[in-house]
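Hydrogens, waters and symmetry mates play no part in the numbers below; they use all other heavy atoms, side chains included. Chain A is the first sequence line, chain B the second, and so forth, proteins listed ahead of strands; every chain is numbered from 1.
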There are 2 protein chains.
Amino acid sequence: MRPTVHDIAAAAGVSLATVDRVLNQRPGVRHVTREKVEKAIREIGYVRDVAAANLAKGRTYPLVFILPASDNSFMHGLNDEVRAAVARSPVERTDIRTLEVPAFDPTALVRVLDELGKERPSGIALVATDAPEVRDAVDRLVQDGIPVVTLVSDLTGSQRHHYAGVDNIAAGRTAARLLGRFLGGATGEIAVLAGSMLVRDHRERLEGFASVMAAEFPLLSILPVIEGRDDPEMAHMLVADALSKKSGIIGVYSLGAGNRGLIRALKEKAVDRSLTVIAHELTTHTRAALLDGTIDAILNQDAGHEVRSAIRVLKAKADGLAVIEAQERIRLDIFLKDNLP
Amino acid sequence: MRPTVHDIAAAAGVSLATVDRVLNQRPGVRHVTREKVEKAIREIGYVRDVAAANLAKGRTYPLVFILPASDNSFMHGLNDEVRAAVARSPVERTDIRTLEVPAFDPTALVRVLDELGKERPSGIALVATDAPEVRDAVDRLVQDGIPVVTLVSDLTGSQRHHYAGVDNIAAGRTAARLLGRFLGGATGEIAVLAGSMLVRDHRERLEGFASVMAAEFPLLSILPVIEGRDDPEMAHMLVADALSKKSGIIGVYSLGAGNRGLIRALKEKAVDRSLTVIAHELTTHTRAALLDGTIDAILNQDAGHEVRSAIRVLKAKADGLAVIEAQERIRLDIFLKDNLP
DNA sequence: CCAAATCTGATGTACGTAAATCAAAATCTA
DNA sequence: TAGATTTTGATTTACGTACATCAGATTTGG
């Protein structure tokens, strides 16, 4: 049987009340007594029954998700997953609130973060815009003892407790190798479509992509990055233009969102050119394009996993508990037309 | 505030005791009263607080994992993950026991399953040997109300509640497409190394592999399958032999275990031949081979995820609760040298 | 050594549910 | 309608922890 507070009391030769004072760091315990109790805790291997503790406390975990107000499929999917988590709230004892902030706007994000500092929720998950002032705001929260995890996009040099997202450098490298291998030993140009170089995940993907390309596929040259602002219309225009002008393009790497526009451009301008195309994020549009052969591979991050992981980590940090590291690692999913879920 | 049993009692106009009788399907409640209570439960949207219920019951979940006594890295890894779950037992209220049975031995497996039927654990997870008598034994357990999940390898036509493993047909198809694409438009022969055609996962991988190869890569022909019994020594001998005799081999698909032997054979016989190689299961050996270029891609199933998923599902089934489907889907991981964890 | 301050023990209630007991009420049977 | 039977209510204890209160013990300062 698992040891309880009574066992600690017996082992340490003190009363239940004293054990409670030590466990919940309440005042009024002499130093030596405290040590005696802590020793007993270690020796009998006591671990607090979190379920019982939460029951007694009537505890819930007020959590806040800060998401960018972006109108693309990926962010919509992320939003859906947060809503699904809200639906599970009663069972998981969470109390989740979602805040929308303008995308790519550090100032707005900082303002929201600073306000949350006063409110002191049990935990905060945010899709970070990678700017020094955001990093400082997050670090203030962390210093204040509020658990913070970054979601999807990380925050350079910050003290955030955890990052629930994929390794984007690895994603870029993987895309490069897949593209390089799929193209056999061909010579030609590669077009790269990004959202914005202001977000860290896109920068990192590009960095990984370029480094593997340079090192291992010297016959393929990367054209200047097209920035489509994750917007389908803009992406369509820019990609169509590039395809018209550059006849040497034999491959495309789309590392951001807005793939709806990319796919349309490909169908209009390149049906006959048999391009090899790799894109990020599995959505209804990219899925259809993968199945009909317009896209050759999709790299994906599972938004549901990211949200669930963020919640688990925030709850664990709020209770000062350990997490199962391997469970919280967000994988880079690679989908070909054969292994779609 | 979330509704409690007291709220049901008030809403239905009955006593707490009656509510308890209905909730825990105890006898002694008239049909009309039962209906009245059930209606109230639905109307106020009551959901049992599982944590509180488990606390009151002092409940633990006795679970049994049945694993084959195979001496390969994958099964060792699976074993490690079960042990890790045992270490978490106090927190998760599980009480996990592992049983080893001879591999590929339906009779032994049936004997063990039948005995567990008497013992009535809260749930059973097994790596199934795909045979009718095993299926029948599992179905008896299910009929008896014992939750059963298959792990890694599924059981054809059985009533098991869940399968915690990858879609092996999709895995084979994916391997075929990767291999076909990596080989560009080359012409040649593909060697396939399997463990045994007696286990369903290997059969399915081959099936998926062969179908995509035939349909989409007609220039590549599949050689007769080499069965290495998941044994490194045997695999080494057979593969080395094949490489010596067949000079037309340009690709290898290893769909089972025993990759240690395969890798040794490749290094001895094929350093100069630049074969394209795809293997299953990420182990220290395959990881090293991927990094040094001997292997081009590894398809993997995450044993840790499989074990944790099996436990979650068994617990949920034991309590009659729903699971988060997406969370329990075991993905096919594709590793290139760039996205290794 | 006494009073004041500090520390410790004993005890009770609460969280939401399970499970048991016993009494009372309702229903059924003859 | 009496008596047996079934159904329902009321109440209590328990699970492991949190938290509060008050009394008693020990330590500290002067």
Side-chain angles (χ1 to χ4, degrees), chain A residues 1-41 44-61 89-93 95 122 318-321, chain B residues 1-41 44-61 89-93 95 122 318-321:
Chain A
M1 215 56 234
R2 177 170 175 185
T4 75
V5 281
H6 294 85
D7 300 321
I8 304 178
V14 300
S15 77
L16 223 51
T18 301
V19 172
D20 179 68
R21 288 178 186 116
V22 173
L23 276 177
N24 297 291
Q25 27 224 9
R26 270 185 267 277
V29 185
R30 238 187 330 162
H31 189 67
V32 283
T33 314
R34 181 169 301 255
E35 298 226 305
K36 208 164 54 176
V37 173
E38 279 165 353
K39 180 155 163 284
I41 291 177
I44 68 176
Y46 169 84
V47 272
R48 185 196 245 105
D49 184 328
V50 184
N54 283 346
L55 178 60
K57 274 194 284 211
R59 155 152 222 182
T60 57
Y61 300 81
S89 275
V91 178
E92 297 179 348
R93 302 192 117 83
D95 178 11
S122 288
D319 291 335
L321 297 178
Chain B
M1 216 54 236
R2 178 171 172 184
T4 74
V5 282
H6 294 86
D7 300 320
I8 304 177
V14 301
S15 78
L16 222 52
T18 302
V19 173
D20 180 68
R21 288 179 185 117
V22 173
L23 277 177
N24 298 290
Q25 25 224 11
R26 270 184 266 278
V29 184
R30 241 188 326 163
H31 188 67
V32 282
T33 314
R34 183 173 298 266
E35 297 225 308
K36 206 164 57 175
V37 174
E38 279 164 354
K39 180 155 163 284
I41 291 176
I44 67 175
Y46 168 84
V47 271
R48 187 197 242 101
D49 183 329
V50 184
N54 283 345
L55 178 61
K57 274 195 283 213
R59 154 153 224 181
T60 57
Y61 301 81
S89 275
V91 178
E92 297 178 349
R93 300 191 118 81
D95 178 11
S122 289
D319 291 334
L321 297 177

Scan the side chains in residues 31-41 of chain A for donor-acceptor partners under 3.5 Å anywhere in the protein, sequence neighbours excluded, and list what turns up.
{"from": "A:Arg34", "atom 1": "NH2", "to": "A:Arg26", "atom 2": "O", "distance (Å)": "3.3"}
{"from": "A:Lys39", "atom 1": "NZ", "to": "A:Glu43", "atom 2": "OE2", "distance (Å)": "3.4"}

Can you give each donor-acceptor pair under 3.5 Å made by side-chain atoms of residues 4-12 of chain B, sequence neighbours left out, with the distance rounded to 0.1 Å?
{"from": "B:Thr4", "atom 1": "OG1", "to": "B:His6", "atom 2": "N", "distance (Å)": "3.1"}
{"from": "B:Asp7", "atom 1": "OD2", "to": "B:Thr4", "atom 2": "N", "distance (Å)": "2.8"}

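Looking at residues two or more places apart in sequence or on another chain, you find a salt bridge (Lys or Arg N to Asp or Glu O under 4.0 Å) between B:Asp319 and B:Arg59. The side chain to side chain contact (heavy atoms under 4.5 Å, CB included) search around A:Ala17 returns A:Ser15, A:Arg21, not counting sequence neighbours. Not counting sequence neighbours, B:Thr60 has no partner by the side chain to side chain donor-acceptor pair (under 3.5 Å) test.
Across every non-hydrogen atom of A:Pro3 and A:Tyr46, the tightest pair is O-CD1, 3.4 Å. The minimum heavy-atom distance between A:Asp95 and A:Ser89, with the atom names listed, is N-OG, 4.3 Å.
Counting only residues at least two apart or in different chains, salt bridge (Lys or Arg N to Asp or Glu O under 4.0 Å) contacts with residues 48-58 of chain A comprise A:Asp49-B:Arg93.
Regarding A:Arg59, its CZ atom lies at a distance of 17 Å from the C1' atom of D:dG16, rounded to whole Å. At whole-Å resolution of the value, NE2 in B:His31 and C1' in C:dA26 are 18 Å apart.
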Note to self: How would you summarise protein contacts on nucleotides 16-22 of chain C per nucleotide, using B for base, S for sugar-phosphate only and - for none, with heavy-atom distances below 4.0 Å?
What the structure shows: BBSB-B-
Note to self: For a quick check, with a 4.0 angstrom heavy-atom cut-off, what is the B/S/- contact string for nucleotides 24-30 of chain D, read 5' to 3'?
What the structure shows: ---S---
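An OP1 or OP2 oxygen of D:dG9 is reached within less than 4.0 angstrom by a side-chain nitrogen or oxygen of B:Thr18.
Sequence order on DNA chain D of the closest nucleotides to B:Arg34 and B:Gly58 puts B:Arg34 first from the 5' end.
Computed from C1' positions of five pairs at each end, the angle between the two local axes of the helix from C:dC1-D:dG30 to C:dA30-D:dT1 equals 20°, rounded to 10 degrees.
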